[in-house]
Every structure is written in C-alpha cells, then in structure tokens.
*Asks:* 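Pasting in a structure now, in structure tokens, and then I'll have a few things to ask.
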Amino acid sequence: MFEQREELRRRLLALGFDEVRFARAEPAFGDQLKTWLAAGHQAEMAWIERATEKRGDPRLVLPGARTMVMLGVNYGTLHEKREDGAPLWARYALHEDYHDTIKPGLVAAGKVVEELFDAGPEDYRYYVDTGPVQERGWASRAGLGFTGKNAMLISRRFGNWLFLATLLLKEELEPDGPLVASMIGRDEPGMLCGKCTRCIDACPTAAIVEPGVVDARRCVSYQTIENKGVIPRELRGGVGAHIYGCDVCLEVCPWNRFAQEARRVLLTVRGEIAELSLQEILELTPARFAEVFRKTAIKRVKLAGLLRNACIVAANTQSTDCLEVLVRLAGDAVPLVRAHAVWAVARLGGFERLVAVRARETDPAVLAEYTAETG
C-alpha cells in the first residue's frame with residue numbers, strides 16, 4: 001500500500017500538481033459548518049446549505065470512499081507589479097479560469113488511479129472547487145498546510161497561494177496526517193499563527209469575526225463576486241480599489257516569506273487584465289467584456305457586476321477623470337449599475353449633474369441612492 005501511495009504521489013506531481021497529500025475519508029467538519037451556517041455567515045450562498053450533510057461526510061459524495069487525495073496547485077507570484085491607484089484584482093483571477101485549466105490534470109489523475117489500482121471510473125471522483133467537499137478542511141487534515149486565522153489554508157511551502165482540488169478514492173491508502181497534529185498535537189484555526197493577528201487587523205471591512213471565522217456578509221471578496229445585487233453602502237468604502245475579490249488577509253500573512261513562484265503547468269496567466277485602466281473598465285461594452293474576460297473566472301460577475309464594482313473603486317480612489325463616464329452610467333439600462341454610479345458621482349462631487357437622469361428614474365434601488373444623498 002505504501003509503495004502504491006508513493007507511486008501515485010509521484011505521478012500526480014509529474015502531472016503538474018505542486019502538493020499531493022492523503023487523508024482518511026471519514027466524517028469531519030460537519031458541526032463546524034452547521035455552526036457557521038447557523039450564524040448566517042454564508043450570506044446568500046444557499047448552495048453551501050443544500051449539501052451540508054455531504055460536506056460533513058465524503059462517503060455520501062462517493063459511497064465506499066476510503067481516501068481523500070488532496071491536491072494543491074501553486075499560483076504564487078514573487079514580483080507582482082501594481083501601479084498606484086490601479087484597480088486591484090484578486091491574484092487568482094489573473095489566470096484563465098482555474099476550474100477549467102486544472103480539470104485536464106484531474107482527468108489524467110483519474111487515468112493514473114485506474115492503472116495503478118485496476119479501478120474503474122466508478123471507483124473515484126474528482127472536484128476542483130466544484131463539489132460538496134470542504135477542500136480547505138481536508139487539505140489541513142492531509143497536511144498541505146494549516147487553517148490560518150484568515151480561515152484560509154496556509155502552506156509552509158507556498159504561503160497563502162494554493163488552488164485546491166480533491167480526488168476521492170475507494171482504495172484505502174495510508175494518510176499523511178496534519179501538520180499541526182504532528183508538530184504540537186492540536187488542530188484548530190490559527191494554531192500555527194502564534195500571536196499574529198495581521199490578517200484580522202488588516203481586513204478592510206472587519207469580516208474576520210474570530211480566528212478562523214469569516215462572515216461573508218462583510219467580506220470584500222463575497223461582495224464583489226458572489227453578491228449579485230447592491231453592495232451595502234456601509235461596506236463600499238472598505239472595498240477600496242478592489243474591483244474583483246480581495247487578497248488583503250492573504251498578502252499580509254508572514255508565512256508568505258516561504259512562497260515560491262508558480263510552475264503554471266496547470267495554469268494559464270492572463271496578466272494583461274491587470275493593465276486595464278479604470279476608465280477602460282467603466283467604458284466596457286458587452287462585446288468588449290466578453291472578449292477581454294473570455295475563459296476567466298471574472299466573467300462570472302457579468303458586465304453589470306464589474307461596472308458596479310468599478311463605480312465603487314472610482315469613488316474610493318477619487319478618480320475625478322472618470323466622472324464623465326460615471327454620469328453616463330447613471331443612465332445605464334441596468335438598475336444595478338445606475339445605483340452605484342449615482343453613489344460614485346455623489347462621492348466625486350458631481351451630484352448636481354444627475355438632475356436630468358433622476359427625473360426619469362423609477363427603480364426603487366436607484367431612487368434609494370438618490371434619497372440617501374439628499375436626505
């Protein structure tokens with residue numbers, strides 16, 4: 001069993017995965033998840049609630065599962081260049097969608113499993129952040145890293161920059177074991193963070209409500225990606241220049257001093273996205289949006305969501321050079337865009353220029369923005 005496990009590890013590393021670790025498939029994390037859900041920290045992510053039982057027991061995902069093979073793909077960059085005042089993108093987004101580029105590696109991994117264990121497709125199942133699996137929890141259990149106070153998996157080799165994927169097997173393989181258990185005998189969020197609270201202190205919207213617990217309702221990543229509606233006014237200032245996602249709690253982590261440059265065997269970089277100016281983003285047409293963000297995760301927010309975010313960034317960065325286009329967006333066909341454009345124009349001192357478009361406004365959410373500005 002040991003020889004087969006190590007041969008599997010070797011061959012999966014050769015496919016482009018940067019970490020390959022093993023854990024026993026057994027019930028875990030169910031109570032923690034239920035507590036988190038009961039507190040409402042999932043916001044509008046109802047899909048998490050729909051598979052609560054499966055997330056707590058991988059044997060409900062793959063009947064007969066005995067082993068969790070946890071895979072990590074490093075997406076770290078050591079010398080990232082960002083111009084002052086430029087819109088900030090979560091690092092992972094500056095690639096073609098990792099769900100798509102990592103999947104071929106998982107397909108190949110399945111073929112390796114079939115060969116090594118004389119197995120069939122029914123004997124394994126794989127996911128890359130797409131199934132009812134608690135990837136971070138299992139990655140910690142398998143020793144890819146540990147759960148930090150920012151609730152993210154922190155790797156001793158790659159810092160905070162790992163994509164995670166899972167391969168469930170019916171074959172029983174010896175588990176590797178978690179880092180914290182082997183080092184200090186305990187396993188709880190932040191155990192290897194020591195007294196450090198940089199992530200908690202740096203969070204721009206105070207979304208880390210206790211070590212290892214993030215309230216998605218306050219999280220900039222949730223608000224700029226998962227939230228499909230109006231971003232609460234009280235959180236907009238905290239969004240800062242983050243136009244898609246937020247890496248603040250990742251970037252401040254001292255464990256990143258061990259981070260390594262990504263091999264990118266299973267990734268395709270789209271660094272040109274970071275070169276887009278805020279003006280260019282605010283002027284995107286549907287056709288141009290589809291062209292620029294083709295094959296990326298950013299397309300998930302659609303044009304209206306990205307324009308919403310860009311309006312907030314323009315206001316927060318006092319980009320008065322964008323005032324003209326923001327006034328135009330206050331008359332956009334999509335109410336979501338109009339609402340945030342109104343707020344941005346007001347923040348930039350141009351509210352009086354909206355008299356004509358306000359007279360035509362009928363949407364309640366947009367009218368609420370006007371009312372909030374005038375009292």
*Asks:* With a 4.5 Å limit on heavy-atom distance, are the side chains of Cys219 and Cys246 in contact?
*Replies:*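 No. Closest side-chain heavy atoms not under 4.5 Å.
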*Asks:* When hydrophobic residues are tied together by side-chain contacts of less than 4.5 Å, even through go-betweens, does Met152 share a cluster with Leu144?
*Replies:*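 No, Met152 and Leu144 fall in different hydrophobic clusters.
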*Asks:* Taking Thr224 for the side chain and Asn309 for the main chain, is one N or O donor matched with an acceptor at less than 3.5 Å?
*Replies:*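 Flag not set: sc Thr224 to bb Asn309 has no pair under 3.5 Å.
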*Asks:* Between CG of Leu326 and CZ of Arg353, what distance do you get to the nearest 0.5 Å?
*Replies:*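 Leu326 atom CG to Arg353 atom CZ measures 10.0 Å (nearest 0.5 Å).
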*Asks:* Between Lys170 and Tyr124, does a side chain to side chain contact (heavy atoms under 4.5 Å, CB included) hold up when you go through it step by step?
*Replies:* CA-CA 6 Å; Lys170 290 184 180 180; Tyr124 63 91; over 6 Å; no
*Asks:* Distance check, rounded to the nearest 0.5 Å: Ser155 atom OG versus Trp161 atom CH2?
*Replies:*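 If we round to the nearest 0.5 Å, Ser155:OG and Trp161:CH2 are 12.5 Å apart.
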*Asks:* Are the side chains of Leu329 and Leu282 in contact, using a 4.5 Å heavy-atom criterion?
*Replies:*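 Leu282 reaches Leu329 side chain to side chain.
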*Asks:* Given the rule in the side chain to side chain contact (heavy atoms under 4.5 Å, CB included) test, do Ile231 and Trp343 qualify, once you have shown the distances and angles that lead to the verdict?
*Replies:* CA-CA 11 Å; Ile231 294 178; Trp343 180 82; over 6 Å; no
*Asks:* Taking atom CZ of Arg24 as the centre, report whether more than 12 heavy atoms of other residues, nucleotides or ligands fall under 6.0 Å from it.
*Replies:*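 12 or below, so no.
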*Asks:* Going by an N to O cut-off under 4.0 Å, is there a salt bridge joining Asp176 and Arg21?
*Replies:*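 Yes.
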*Asks:* Please answer: with hydrophobic residues joined when any side-chain heavy atoms are less than 4.5 Å apart, are Val220 and Val209 in the same cluster?
*Replies:*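 Not linked; separate clusters.
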*Asks:* Would you check, one step at a time, whether the test side chain to side chain contact (heavy atoms under 4.5 Å, CB included) holds for Thr52 with Ile48?
*Replies:* CA-CA 7 Å; Thr52 302; Ile48 299 179; 5.7 Å; no
*Asks:* If you look at every heavy atom in Leu60 and Glu53, which pair is closest and at what distance?
*Replies:*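 It is CD1-O, 3.6 Å.
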*Asks:* Is the charged tip of Arg156 near the ring of Trp255: under 6.0 Å from the six-membered ring centre and within 45° of its axis?
*Replies:*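 Geometry flag: not set, cation outside 6.0 Å or 45°.
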*Asks:* Under a single-linkage definition using a 4.5 Å side-chain heavy-atom cutoff for Ile, Leu, Val, Met, Phe, Trp and Tyr, are Leu94 and Val73 assigned to the same hydrophobic cluster?
*Replies:*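 Yes; tracing contacts between hydrophobic side chains, which count when under 4.5 Å, links both residues.
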*Asks:* How about Glu44: does its CD atom have over 12 heavy atoms from other parts shown lying under 6.0 Å from it?
*Replies:*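 No, CD of Glu44 has 12 or fewer neighbouring heavy atoms, counting only those of other groups under 6.0 Å.
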*Asks:* Does Arg10 form a salt bridge (charged side-chain N to carboxylate O under 4.0 Å, His left out) with Glu7? I'd like the steps, not just the answer.
*Replies:* CA-CA 5 Å; Arg10 184 189 68 78; Glu7 176 64 10; 2.7 Å; yes
*Asks:* To the nearest 0.5 Å, what is the distance between CD1 (Ile225) and CD1 (Ile243)?
*Replies:*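 It is 11.5 Å, given to the nearest 0.5 Å.
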*Asks:* Mind listing the closest non-hydrogen atom pair of Leu306 and Val301 along with its distance?
*Replies:*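 Heavy-atom minimum between the residues: N-CG2, 3.9 Å.
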*Asks:* Looking only at non-hydrogen atoms, find the nearest pair between Val214 and Ile208 and report the distance.
*Replies:*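 Val214 and Ile208 have their closest heavy atoms at CG2-CG1, 4.1 Å.
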*Asks:* Salt bridge check, Glu369 against Arg233: does any charged N sit closer than 4.0 Å to a carboxylate O?
*Replies:*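 Yes.
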*Asks:* What's the shortest heavy-atom distance between Arg198 and Val252, and which atoms?
*Replies:*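 Nearest heavy atoms, Arg198 then Val252: CD-O, 3.5 Å.
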*Asks:* Would Glu373 and Arg347 pass as an ion pair if we require N to O under 4.0 Å?
*Replies:*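 Result for this pair is yes, salt bridge flagged.
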*Asks:* Without swapping roles, check the side chain of Glu226 against the backbone of Gln223 for a donor-acceptor pair under 3.5 Å.
*Replies:*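 No, the answer is negative, given that no donor and acceptor are paired below the 3.5 Å cut-off.
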*Asks:* Compute the centroid of each ring, for Phe29 and then for Trp138, and state whether the two points are separated by less than 6.0 Å.
*Replies:*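 Yes, they do, as the ring centres are separated by less than 6.0 Å.
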*Asks:* Under a 4.0 Å N-O cut-off, is there an ion pair linking Glu26 with Arg59?
*Replies:*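 So Glu26 does not pair with Arg59 through a salt bridge.
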*Asks:* So, for Tyr222 and Gln42, which heavy atoms are closest and what is the spacing to 0.1 Å?
*Replies:*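 For Tyr222 and Gln42, the tightest heavy-atom pair comes out as CE1-O, 4.4 Å.
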*Asks:* Before accepting this row, confirm whether a basic side-chain N of the pair Asp18/Arg264 lies closer than 4.0 Å to the acidic partner's carboxylate O.
*Replies:*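 Answer for the salt bridge query: no.
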*Asks:* Within the distance-only criterion (no hydrogens, no angle test), does the side chain of Lys302 pair as donor or acceptor with the backbone N or O of Lys228 below 3.5 angstrom?
*Replies:*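 Looks like no, no N/O pair under 3.5 Å.
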*Asks:* Is there a side-chain contact between Arg5 and Phe22 in this structure, where contact means two heavy atoms from C-beta onward sitting under 4.5 Å apart?
*Replies:*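 Result yes, sub-4.5 Å side-chain heavy-atom pair found.
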*Asks:* Can we say Glu291 and Arg288 salt-bridge, meaning some charged N sits less than 4.0 Å from an Asp/Glu carboxylate O?
*Replies:*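 Salt bridge: yes.
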*Asks:* Could you check whether any side-chain heavy atom of Glu19 comes within less than 4.5 Å of a side-chain heavy atom of Arg157, counting everything from C-beta outward?
*Replies:*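 Yes. Closest side-chain heavy atoms under 4.5 Å.
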*Asks:* Tell me whether Arg66 is salt-bridged to Glu171, with the criterion being a basic N under 4.0 Å from an acidic carboxylate O.
*Replies:*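 Salt bridge absent between Arg66 and Glu171.
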*Asks:* Only one of Val113, Leu168, Thr166, Val107 clears side chain to side chain contact (heavy atoms under 4.5 Å, CB included) with Tyr126; which?
*Replies:*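 The passing option is Val107.
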*Asks:* May I ask you to test the Val342-Phe351 pair for a side-chain heavy-atom distance under 4.5 Å?
*Replies:*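 Of all side-chain heavy-atom pairs linking Phe351 with Val342, at least one is under 4.5 Å.
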*Asks:* Transitively linked via ILVMFWY side-chain contacts under 4.5 Å: Leu348 with Val337?
*Replies:*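 Result: yes, single cluster for both.
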*Asks:* Assess the residue pair Arg136 and Thr147 against the criterion (side chain to side chain contact (heavy atoms under 4.5 Å, CB included)); give the C-alpha distance rounded to whole Å, side-chain angles, the decisive distance to 0.1 Å, and a yes or no.
*Replies:* CA-CA 7 Å; Arg136 294 178 199 167; Thr147 303; 5.5 Å; no
*Asks:* Taking the side chain from Thr101 and the backbone from Thr268, do they hold a donor-acceptor pair closer than 3.5 Å?
*Replies:*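 It does not hold such a pair.
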*Asks:* Taking atom NZ of Lys295 as the centre, report whether more than 12 heavy atoms of other residues, nucleotides or ligands fall under 6.0 Å from it.
*Replies:*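 It does not: Lys295 NZ has 12 such atoms or fewer within range.
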*Asks:* When you measure from the side chain of Asp247 to the backbone of Arg91, do you find a donor-acceptor pair of N or O atoms at a distance under 3.5 Å?
*Replies:*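 Yes; judged by distance alone, with no hydrogens or angles, the pair exists.
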*Asks:* Determine whether Phe146 and Val213 fall in the same hydrophobic cluster, where Ile, Leu, Val, Met, Phe, Trp and Tyr are linked whenever their side-chain heavy atoms lie under 4.5 Å apart.
*Replies:*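 In one cluster: no.
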*Asks:* Check whether Thr130 reaches the backbone of Tyr127 with its side chain - one donor and one acceptor, N or O, closer than 3.5 Å.
*Replies:*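 Answer holds: no.
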*Asks:* Can any side-chain N or O of Lys299 pair as donor or acceptor with the backbone N or O of Thr296 at less than 3.5 Å?
*Replies:*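 Here the side-chain-to-backbone pair exists.
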*Asks:* Please report the interatomic distance CG(Leu173) to OG1(Thr67), rounded to the nearest 0.5 Å.
*Replies:*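 Rounded to the nearest 0.5 Å, the CG-OG1 separation comes to 4.0 Å.
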*Asks:* What class does the angle between the rings of Phe163 and Tyr75 fall in, given that below 30° is parallel, 30 to 60° is tilted and above 60° is perpendicular?
*Replies:*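 Phe163 vs Tyr75 ring planes: parallel.
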*Asks:* Just how far is it from atom CG of Leu71 to atom CG of Leu106, taken to the nearest 0.5 Å?
*Replies:*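 These two atoms lie 6.5 Å from each other.
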*Asks:* Could you tell me whether the side chain of Arg125 and the main chain of Leu169 form a donor-acceptor pair under 3.5 Å?
*Replies:*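 No.
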*Asks:* Do the side chain of Ser140 and the main chain of Gly137 share a donor and acceptor less than 3.5 angstrom apart?
*Replies:*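 No: the side chain of Ser140 does not pair with the backbone of Gly137.
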*Asks:* Does some side-chain heavy atom of Phe117 sit less than 4.5 Å from a side-chain heavy atom of Leu8?
*Replies:*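 Leu8 vs Phe117: side chains touch.
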*Asks:* With a 3.5 Å distance limit and no angle check, can you tell me whether Asn74 reaches the backbone of Gln260 through a side-chain donor-acceptor pair?
*Replies:*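 Yes.
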*Asks:* Salt-bridged, Arg270 to Glu272, with N to O below 4.0 Å?
*Replies:*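 Between Glu272 and Arg270 there is a salt bridge, with a charged N closer than 4.0 Å to a carboxylate O.
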*Asks:* What are the two closest heavy atoms between Ala365 and Ala339, and how far apart are they?
*Replies:*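 In this case the closest contact between Ala365 and Ala339 is O-CB, 4.3 Å.
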*Asks:* Between Arg218 and Glu234, is the closest basic N to carboxylate O distance under 4.0 Å?
*Replies:*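 Result for this pair is no, no salt bridge flagged.
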*Asks:* Under 3.5 Å, is there a donor on one side chain and an acceptor on the other for Ser277 and Glu280?
*Replies:*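 Ser277 vs Glu280: donor-acceptor pair found between side chains.
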*Asks:* Distance from Leu153 atom CG to Asn160 atom CG, nearest 0.5 Å?
*Replies:*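 Rounded to the nearest 0.5 Å, the CG-CG separation comes to 8.5 Å.
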*Asks:* Measure the shortest side-chain to side-chain distance between Leu116 and Arg11 over non-hydrogen atoms and say whether it is less than 4.5 angstrom.
*Replies:*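 The answer is yes; the side chains approach within 4.5 Å.
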*Asks:* Would you mind reporting whether Phe158 and Phe258 have side-chain heavy atoms less than 4.5 Å apart?
*Replies:*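 Not touching, per the 4.5 Å side-chain cut-off.
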